[in-house]
Amino acid sequence: MNYGYFDKENNEYVVTRPDTPTPWINYLGQGKYGGIISATAGGYSFYKDPRNCRVTRYRYNGVPMDRPGRYIYIRDQETGEYFSPSWNPVQKDLDCYECRHGLGYTRITGGLKGIEGSTTYFVPIGKDFEIWRFLLKNKSNRKRILRIFTYAEFCFFDAVMDQQNVDWVQQIMRCQFKNNIIYFHRYDEIHGFSFFFKVGKMHSYDCGRDQFLGLYGDEGKPLALEKGECSNSEIFRANGVAATCLEVELDPAEEKEFLYFLGKVDRREDAVKIQKTYGNSKSVDVMWRELNEYWKEFISHFHADTPDEKMNLMLNTWNQYQNMVTFDWSRFVSMYQLGIARGLGTRDSNQDTLGVMHTIPEETKKLIIRLLKIQFPEGDSYHQFFPLTGKGDGKGFSDDHLWYILSVSAYLKETGNMGFLEEIVPFADGEGSASVYEHLFRAVNFSMNKRIGPNELPLIGKADWNDTLNLDKGKGKAESIFTANLLGVALQEMSEIAYQLGKEGDAENYEEWYSQMKNRVNEVAWDGEWYIRAFDDFGGKIGSVSSKKGKFYLNAQSWSVLSGFAEKKRAIQIMDLVYERLNTPHGIILFEPPYEGYDKKIGGTTTYPPGAKENSGIFCHANPWAVIAETILRRGDRAFMYYSQILPPKWNEKADSFEIEPYVYCQNILGRHHPQFGLGRNSWLTGTAAWNFVAGVYYILGIRPHYDS
Ligand code: NOJ
């Protein structure tokens with residue numbers, strides 16, 4: 001079954017059925033003001049930081065699914081019948097429906113009994129508000145009298161408090177109508193104002209949720225729609241909403257446009273200014289054009305015409321677009337990441353820069369600097385930071401700091417701006433500062449010399465790339481082969497950087513460290529047939545020929561090829577085993593056999609049932625590393641097969657089995673040991689995006705920047 005198609009010409013995915021198996025979403029905005037929007041207008045908005053500055057509310061995992069959102073209702077005044085052109089929340093059987101998810105915008109069109117409404121939602125470039133551009137058409141052959149309602153539910157700025165301290169939040173919030181604008185704000189006016197307005201006159205409005213929906217009402221059958229008007233409510237506590245009503249008469253074939261603005265400002269006057277400056281069709285036209293030009297330019301930096309249509313679709317449009325979304329939001333906010341717990345991750349965001357390096361290198365540099373600011377003078381770093389506060393959070397992962405070297409070296413190769421290495425960047429906790437080069441040196445030095453275990457391999461700490469491999473049980477002895485390999489890659493990059501800078505002594509030192517690490521890995525981690533994945537806290541091997549479960553791990557093999565630690569013969573042997581033991585038609589699983597039941601020595605992995613996520617699921621992020629390893633071994637056909645296996649468009653005609661969007665990569669697909677083998681999960685925010693782009697462009701097509709070419 002399919003729920004839509006790719007419109008290649010317009011770089012859009014067109015959803016043709018609203019009842020998608022999960023909400024199929026798009027992102028609005030460019031990393032500051034923005035939000036997510038589903039194909040039925042569900043979703044919410046935030047300003048810079050979905051945790052600390054949320055604008056509208058969303059009920060994750062609620063019933064009914066995907067509520068609330070940015071809603072428009074059309075009411076026929078003759079009959080009192082009403083519908084939503086986005087199908088939700090009213091869910092009337094529409095005569096026509098389509099949602100076009102495009103680059104930076106979503107347009108949803110729906111019609112019933114001769115009336116059609118089409119809303120284009122977008123955030124203009126560089127602005128802190130969104131526009132709902134609503135076009136209403138009378139396709140019938142008689143005059144129609146209609147009322148148009150809008151509805152969005154405001155959220156307390158701090159999204160955690162919004163759920164935790166309901167009495168406090170509701171006592172201090174107000175929602176009022178002034179200057180034709182609905183403002184939602186704290187009584188003390190700290191934290192500014194969320195606002196909503198309709199351009200021009202309207203019939204009535206509501207600022208109170210109960211007043212619009214009715215007590216015990218819901219978005220699908222609001223009291224205001226039943227009555228045919230809003231009640232001009234303002235509220236001095238409780239839940240604020242942005243509801244408006246207008247009346248319009250349309251002759252046959254006549255159409256009219258209405259404009260709505262939603263956003264966040266510091267002062268009331270700023271919203272008035274927006275209303276005066278941008279609240280007209282001409283300005284909206286200009287902003288719309290700017291948005292389209294921005295994205296046209298964005299994807300123009302890379303274009304490939306390969307014989308494979310799916311590869312073209314992804315590389316030329318959707319993969320590049322997703323790379324930008326992961327660059328903006330890391331693993332922070334999606335349909336599956338609630339925009340509360342995780343900010344921008346050191347590990348994740350450093351990897352995300354790889355996908356946009358060819359497009360916006362100077363913006364990636366800025367993000368890299370923000371990430372370097374959460375590095376400690378010792379060389380390790382916080383795990384993540386929150387964009388509004390810049391505050392770091394979490395520590396003790398073995399790999400976080402090593403990803404800096406990959407992002408910085410990618411930046412240097414792309415731009416040739418070696419001067420970046422001399423820029424001075426402070427460390428976390430205000431403990432001094434150092435050049436970028438020194439930051440990088442400290443990162444490799446930390447893993448090489450400071451956090452070394454009994455086998456002289458990097459300690460795993462809380463975890464490595466695999467968050468759920470929690471082997472340190474308090475002895476501080478567990479070691480990661482993954483991190484050893486990542487260190488190998490980082491050391492090679494460091495020696496190249498040092499040569500570029502004419503620091504030959506440094507380069508030789510990095511090479512020496514590289515050889516030492518290579519020897520250690522080959523001496524202690526080679527298990528006769530393949531590389532083990534880790535040593536646990538008691539000296540036991542994880543991913544060993546002698547293990548009963550979790551015997552053979554993908555990353556331990558692919559990364560030893562990436563690092564060059566595996567010499568040719570071993571490299572071929574282990575990558576053949578990857579194919580034989582781990583490959584499936586839907587992607588490569590992380591290891592086999594899966595663990596069955598909780599094992600406290602292993603930790604998080606074993607909380608999952610066999611075949612799910614890190615317990616032997618297809619963790620898509622790890623697949624491109626096997627692609628790259630195969631290209632290094634010059635086995636292009638196998639590399640391309642691995643690459644293609646996880647291409648989302650392949651699911652378009654079987655969308656019911658995959659469930660999630662066929663236009664973006666997902667984090668994981670249930671593996672062959674799971675009864676729902678092939679089901680995709682956790683779409684959009686995943687390192688798969690940047691890495692499958694790198695695997696496709698840099699390695700399969702072989703187009704990658706070097707320092708001198
Ligand atoms: C998702 C996390 O965002 C990422 O940092 C991690 O590497 C993978 N899970 C694997 O555990």
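The structure displayed is predicted, hence computed values, not measured ones. We count ligands from 1, going down the list as the structure has it; atoms in each ligand are counted the same way.
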Distance under 4.0 Å to a non-hydrogen atom of [X]: what atoms of ligand 1 satisfy this?
{"X": "F619", "value": "8 (C), 9 (N), 10 (C)"}
{"X": "W465", "value": "6 (C), 7 (O), 8 (C), 10 (C), 11 (O)"}
{"X": "Q667", "value": "1 (C), 9 (N)"}

(message) Taking the cut-offs as 6.0 angstrom to the six-membered ring centre and 45 degrees off its axis, would you call R51 and F386 a cation-pi pair?
(response)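 Verdict for F386: a cation-pi partner in R51.
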Quick check: [Y] with [X] (ring centres under 6.0 Å apart)?
{"X": "H439", "Y": "F427", "value": "yes"}
{"X": "Y514", "Y": "F565", "value": "yes"}
{"X": "Y27", "Y": "H101", "value": "no"}

(message) Below the 3.5 angstrom mark, is there an N/O of T468, backbone or side chain, next to an N/O of ligand 1?
(response)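 There is no such contact.
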(request) Can you figure out which of R347, R342, E614 has its heavy atom closest to atom 3 (O) of ligand 1? (result)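 It is R342 that holds the nearest heavy atom.
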(request) Classify the contact between D348 and ligand 1 as side chain, backbone, both or neither, using a heavy-atom distance cut-off of under 4.0 Å. (result)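 Under 4.0 Å from ligand 1, D348 contributes side-chain atoms alone.
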(request) Report the nearest protein non-hydrogen atom to atom 2 (C) of ligand 1: residue, atom name, distance rounded to 0.1 Å. (result)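 That would be D467 OD2, 3.4 Å.
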(message) Check this for me: does any side-chain nitrogen of one of R451 and D380 sit under 4.0 Å from a carboxylate oxygen of the other?
(response)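 Not counted as a salt bridge, because no side-chain N and carboxylate O are separated by less than 4.0 Å.
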(message) Under a 3.5 Å cutoff, is there a donor and acceptor pairing between the side chains of D348 and Q384?
(response)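 Result is no, nothing qualifies.
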